[in-house]
A.B. asks: 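Here you go, one structure.
Each chain gets a letter, A, B and so on, in the order its sequence line appears, and its residues count up from 1.
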Amino acid sequence: MEKIKETVAEGLDEERETKNFIERFIDEDLAAGVYDRVQTRFPPEPNGYLHLGHAKAICLNFGLAEKYNGICNLRLDDTNPEKEDTEYVDSITEDIAWLGFKWHKLCYASDYFDQLYDFAEELIKKGKAYVCDLNAEEMRSYRGTLTEPGKNSPYRDRSIEENLALFRDMRDGKFPDGSHTLRAKIDMSSPNLNMRDPVIYRIQRGHHHRTGDKWCIYPMYDFAHPLSDSLEGVTFSICTIEFEAHRPLYDWVLANLDVPVRSRQIEFARLNVNYSLMSKRKLKRMVDDGIVDGWNDPRMLTISGMRRRGYPPEAIRAFCESVGVAKSNSIVDMAQLEFFVRDNLNYSAQRRMAVIDPLKITITNYPEDQYETFEAVNNPEDETAGKRFVTFSREVYIERSDFMEEPTKKFHRLSPGKELRLLHAYYIKCEEVIKDSEGNITELLCTYDPQSRGGWSEDGRKVKGTAHWVSARDCVEGEVRLYDRLFSNDNPEDGDFQDNLNPDSLVIVPNAKLEKSLAEAVPGSRFQFLRQGYFVSDGVNSDGKPVFNRIVSLKDSFKKGK
RNA sequence: UGGGGUGUCGCCAAGUGGCAAGGCAGCGGUUUUUGGAGCCGCUAUUCGUUGGUUCGAAUCCAGCCACCCCAGCCA
């Protein structure tokens with residue numbers, strides 16, 4: 001131990017490792033012998049697709065298990081047949097696997113329906129649960145308010161035998177939906193409303209995606225969750241902060257039943273990102289209302305949307321790591337997410353040339369039928385990415401923004417009479433600007449310096465500007481989709497999100513000029529279109545043109561023409 | 001309003017009685033055969049607020065203020 005301390009002191013002085021509060025709780029419990037191992041779980045309800053907020057919970061739960069040499073299950077919390085579907089189960093498993101995590105076991109709350117039922121009977125037999133005949137409205141009025149205590153249900157003092165018989169009748173389908181509930185007998189005057197005899201079973205006829213029509217009664221979250229945790233052997237049940245007031249109930253359920261493990265619930269703050277919505281309910285509404293293409297629309301922070309947008313899973317994990325785990329409500333800046341995407345892509349994405357807003361250039365002293373190829377590195381950050389060849393010819397396209405007729409002081413690219421380096425190719429000089437009748441620039445006539453092959457000259461003259469280009473003879477046309485923020489408002493939660501939609505959230509450029517190799521790009525592969533940012537291949541459109549989505553939005557400083 | 005939480009830079013976030021980490025964003029500079037990359041700097045005399053305890057307080061105590069969650073037979 002001492003040795004380890006020394007080593008740490010000597011070598012890793014600067015790598016101070018700060019533990020988050022959950023890790024400190026775990027350390028305490030381990031040290032106190034409350035638990036001798038760590039087991040977590042990620043328990044989504046299969047009623048929608050996973051989003052970045054879930055990614056944070058996934059990283060936390062799976063990360064903790066890994067860190068402490070424990071295990072983490074994926075559990076589908078399917079106790080409400082009305083909202084759940086196998087489509088969602090499939091998307092959830094796919095998304096978690098894509099993020100790079102492996103669950104120890106794939107479980108379903110519905111796996112435990114029989115045991116949960118038995119636990120309910122156990123509670124009844126202990127006199128700690130009763131069947132209540134109050135309807136929803138009556139129950140609400142009996143519950144009291146934030147400031148006034150509730151009243152006991154008139155059915156609260158039924159005998160154990162009667163409760164048991166009634167509960168079995170509920171199970172056997174003898175009552176209509178909503179007519180009876182099973183409630184825990186706790187305290188109708190508790191200041192915590194969750195403890196005022198909460199419902200733990202309700203009658204609900206609906207086809208369950210796994211158990212079909214076997215059951216017509218379903219356990220409530222507050223009953224099913226602690227018991228599912230315990231049955232699986234979960235030691236730390238990590239959930240979001242809105243469940244904090246449910247913790248006494250969570251503990252009550254485990255304390256009043258004969259369970260294998262007394263799991264510990266720990267809450268953390270959910271993730272919010274500005275310019276985006278992170279509520280499954282609202283995401284579903286956007287999908288249903290046709291505001292977006294589907295759950296995988298690249299403008300949404302669903303995992304499938306981010307995947308389609310080209311965000312690498314490693315970048316998402318690094319982001320989740322960076323935002324930390326705490327209990328205060330917070331809204332993380334979208335720029336932080338994009339930073340981790342750029343940071344990853346900088347060394348993982350190959351470079352390609354593409355011209356999104358083309359301006360034609362004719363090189364007047366370059367022979368009409370001639371062409372030649374140049375070698376170009378695929379990624380200056382990664383030698384193993386190799387090289388490719390690009391073809392040069394008499395007519396090329398450059399980005400319209402790489403030419404300025406009356407250049408400003410800081411503008412070093414092409415302008416009349418000035419030289420510009422075409423990346424990997426030659427120096428060219430602008431000799432003439434051709435305009436249409438309305439004065440719009442339609443073409444530039446340039447000359448090239450044959451001595452500058454490779455983009456370098458022996459006379460040592462300095463050419464500051466360099467631009468990407470594409471040979472007119474050899475390029476392919478493609479569709480480029482520029483995705484911006486879906487919401488114009490920093491916080492779309494202000495009012496109805498529909499009022500905050502950004503009309504320019506999707507701009508389609510149908511005829512971008514692409515380097516030939518991009519025509520065969522595998523969907524999902526990411527490239528840097530040099531100065532224009534990062535793009536991901538998204539297959540071909542209905543015209544058979546290759547499609548690219550922009551991955552991160554432009555940095556504001558660059559937008560301002562710096 | 002009863003209960004439960006949270007307040008440290010524009011945004012996240014460390015800090016657990018001994019001179020306020022780090023990241024994002026921003027700003028300056030420097031580079032570069034175009035990375036929006038790299039490199040170098042700068043950016044909280046102050047921790048919601050007021051008092052108290054202490055040689056010493058973001059850390060302990062008390063009051064106040066602000067925000068979030070709970071009155072589903074949702075999770």
Side-chain angles (χ1 to χ4, degrees), chain A residues 16 18-20 24 43-45 47 77-80 82-84 109 132 134-136 139-141 143-150 177-183 190-196 198-204 217-218 220-222 224-225 239-248 267 269 271 273-274 280-281 319 321-340 342-343 345-347 349 351 353 379-381 402 412-413 421-425 427 454-456 463-468 528 530-534 552 554-558 562:
Chain A
R16 76 163 77 189
T18 64
K19 296 204 171 196
N20 64 45
R24 278 202 298 273
E45 183 187 12
N47 65 345
D77 208 357
D78 53 351
T79 57
N80 183 356
E82 211 168 274
K83 294 183 177 174
E84 295 148 10
C132 182
L134 255 27
N135 65 32
M139 198 176 295
R140 197 177 315 129
S141 69
R143 188 155 33 227
T145 65
L146 294 177
T147 47
E148 301 153 27
D177 286 12
S179 60
H180 299 262
T181 55
L182 182 71
R183 301 176 70 180
S190 169
N192 181 346
L193 303 227
N194 298 118
M195 299 298 269
R196 319 243 259 230
V199 172
I200 57 178
Y201 260 93
R202 80 281 210 180
I203 304 172
Q204 191 175 322
I217 56 170
Y218 290 91
M220 299 290 290
Y221 166 88
D222 284 312
H225 207 90
C239 64
T240 43
I241 209 145
E242 67 272 23
F243 292 105
E244 207 156 26
H246 293 242
R247 197 191 325 139
E267 311 83 13
L271 173 69
V273 174
N274 58 11
K280 245 194 243 177
R281 218 194 88 243
F319 167 77
E321 201 63 41
S322 83
V323 299
V325 182
K327 292 185 75 165
S328 59
N329 297 3
S330 59
I331 303 173
V332 178
D333 195 332
M334 181 79 98
Q336 188 160 339
L337 211 210
E338 294 188 337
F339 167 81
F340 284 94
R342 258 188 274 118
D343 189 50
L345 259 16
N346 181 39
Y347 61 81
R351 316 289 125 116
M353 296 198 286
N379 186 350
E381 296 287 315
D402 282 337
H412 297 301
R413 284 162 276 155
R421 173 165 39 238
L422 295 180
L423 182 65
H424 306 303
Y427 292 169
W456 172 86
V463 171
K464 256 197 161 174
T466 306
H468 57 279
Q528 185 183 116
L530 300 170
R531 192 180 265 126
Q532 294 142 162
Y534 294 95
V552 292
L554 293 177
K555 259 188 157 178
D556 288 342
S557 61
F558 212 78
K562 200 178 170 182

A.B. asks: Can you tell me if A:Glu321 has over 12 outside heavy atoms packed within less than 6.0 Å of its CD?
C.D. replies: no
A.B. asks: According to the Watson-Crick and G-U wobble definitions, with both distances under 3.5 Å, which nucleotide is paired to B:U43?
C.D. replies: none
A.B. asks: Who does B:U32 pair with, Watson-Crick or G-U, both distances under 3.5 Å?
C.D. replies: none
A.B. asks: Using atom P of each nucleotide, how far apart are B:C42 and B:C24 to the nearest Å?
C.D. replies: 16 Å
A.B. asks: Considering only atom P, compute the distance from B:G28 to B:U46 and round it to an integer number of Å.
C.D. replies: 26 Å
A.B. asks: Can you check the distance between B:G15 and B:G22, where both ends of the measurement are the C1' atom (answer in whole Å)?
C.D. replies: 12 Å
A.B. asks: Could you write out each protein N or O paired with an N or O of nucleotides 7-11 of chain B at a distance under 3.5 Å?
C.D. replies:
residue, atom, partner, partner atom, Å
B:C11, O3', A:Ile331, O, 3.1
B:C11, O2', A:Ile331, O, 2.8
B:C11, O2', A:Asp333, N, 3.3

A.B. asks: Send over the distance from A:Glu267 CD to B:C68 C1', rounded to a whole Å.
C.D. replies: 14 Å
A.B. asks: Produce a footprint string for nucleotides 69-75 of chain B: one letter per nucleotide, 5' end first; B if the base is under 4.0 Å from any protein heavy atom, S if only the sugar-phosphate is, - if neither.
C.D. replies: SBBSBBB
A.B. asks: Could you tell me how far B:G7 sits from B:A75 if I compare only their P atoms? Round to whole Å.
C.D. replies: 30 Å
A.B. asks: Please report, rounded to the nearest Å, how far the P atom of B:G38 is from the CG atom of A:Leu345.
C.D. replies: 13 Å
A.B. asks: Quick one: A:Asp343 CG to B:G22 P, roughly how many Å, whole number?
C.D. replies: 18 Å
A.B. asks: Distance check, P atoms only: B:G48 and B:A37, in whole angstrom units.
C.D. replies: 34 Å
A.B. asks: Nearest whole Å is fine: how far is B:C12 P from A:Lys327 NZ?
C.D. replies: 18 Å
A.B. asks: Can you check the distance between B:G18 and B:G56, where both ends of the measurement are the C1' atom (answer in whole Å)?
C.D. replies: 7 Å
A.B. asks: Looking across every strand, which nucleic acid part, if any, lies under 4.0 Å from A:Gly465 by heavy atom: base, sugar-phosphate, or nothing?
C.D. replies: nothing
A.B. asks: Salt bridge check: are A:Glu45 and A:Lys83 linked by an N-O gap of less than 4.0 Å?
C.D. replies: no
A.B. asks: Take atom C1' in B:G5 and the same atom in B:C9, then report the distance between them in whole Å.
C.D. replies: 24 Å
A.B. asks: Map A:Arg247 and A:Asn379 onto RNA chain B by nearest heavy atom, then report which one ends up closer to the 5' terminus.
C.D. replies: A:Arg247
A.B. asks: For a side-chain hydrogen bond (donor to acceptor under 3.5 Å, both in side chains) with A:Asn47, tell me which candidate from A:Glu84, A:Glu82, A:Lys280 qualifies.
C.D. replies: A:Lys280
A.B. asks: Across the strands shown, which category fits A:Val325 at heavy-atom distances under 4.0 angstrom: base, sugar-phosphate, nothing?
C.D. replies: sugar-phosphate
A.B. asks: Over how many whole Å does the gap from A:His412 atom NE2 to B:U33 atom C1' extend?
C.D. replies: 15 Å
A.B. asks: A:Asn329 near the nucleic acid: base, sugar-phosphate alone, or nothing, with a heavy-atom cut-off under 4.0 Å?
C.D. replies: sugar-phosphate
A.B. asks: Under 4.0 Å, heavy atoms only, any strand: does A:Arg351 hit a base, just the sugar-phosphate, or nothing?
C.D. replies: base
A.B. asks: Under a 3.5 Å cut-off for both contacts, is B:A14 paired Watson-Crick or G-U wobble with anything, and if yes, with which nucleotide?
C.D. replies: none
A.B. asks: What's the gap between B:G52 and B:C12 when it is taken at their P atoms, as a whole Å value?
C.D. replies: 32 Å
A.B. asks: Is there a Watson-Crick or G-U wobble partner for B:C60 with both distances under 3.5 Å, and which nucleotide is it?
C.D. replies: B:G52
A.B. asks: Starting at NZ of A:Lys19 and ending at C1' of B:A21, how long is that distance when rounded to a whole Å?
C.D. replies: 18 Å
A.B. asks: Could you state the NZ-C1' distance from A:Lys464 to B:U33, rounded to the nearest angstrom?
C.D. replies: 14 Å
A.B. asks: Please report the distance, rounded to the nearest Å, between CZ in A:Arg342 and P in B:G23.
C.D. replies: 16 Å
A.B. asks: Counting only Watson-Crick pairs (N1-N3 plus N6-O4 or O6-N4) and G-U wobbles (N1-O2, O6-N3), all under 3.5 Å, who is the partner of B:G2?
C.D. replies: B:C70
A.B. asks: Which is it for B:G72, anti or syn, if anything within 90° of zero counts as syn?
C.D. replies: syn
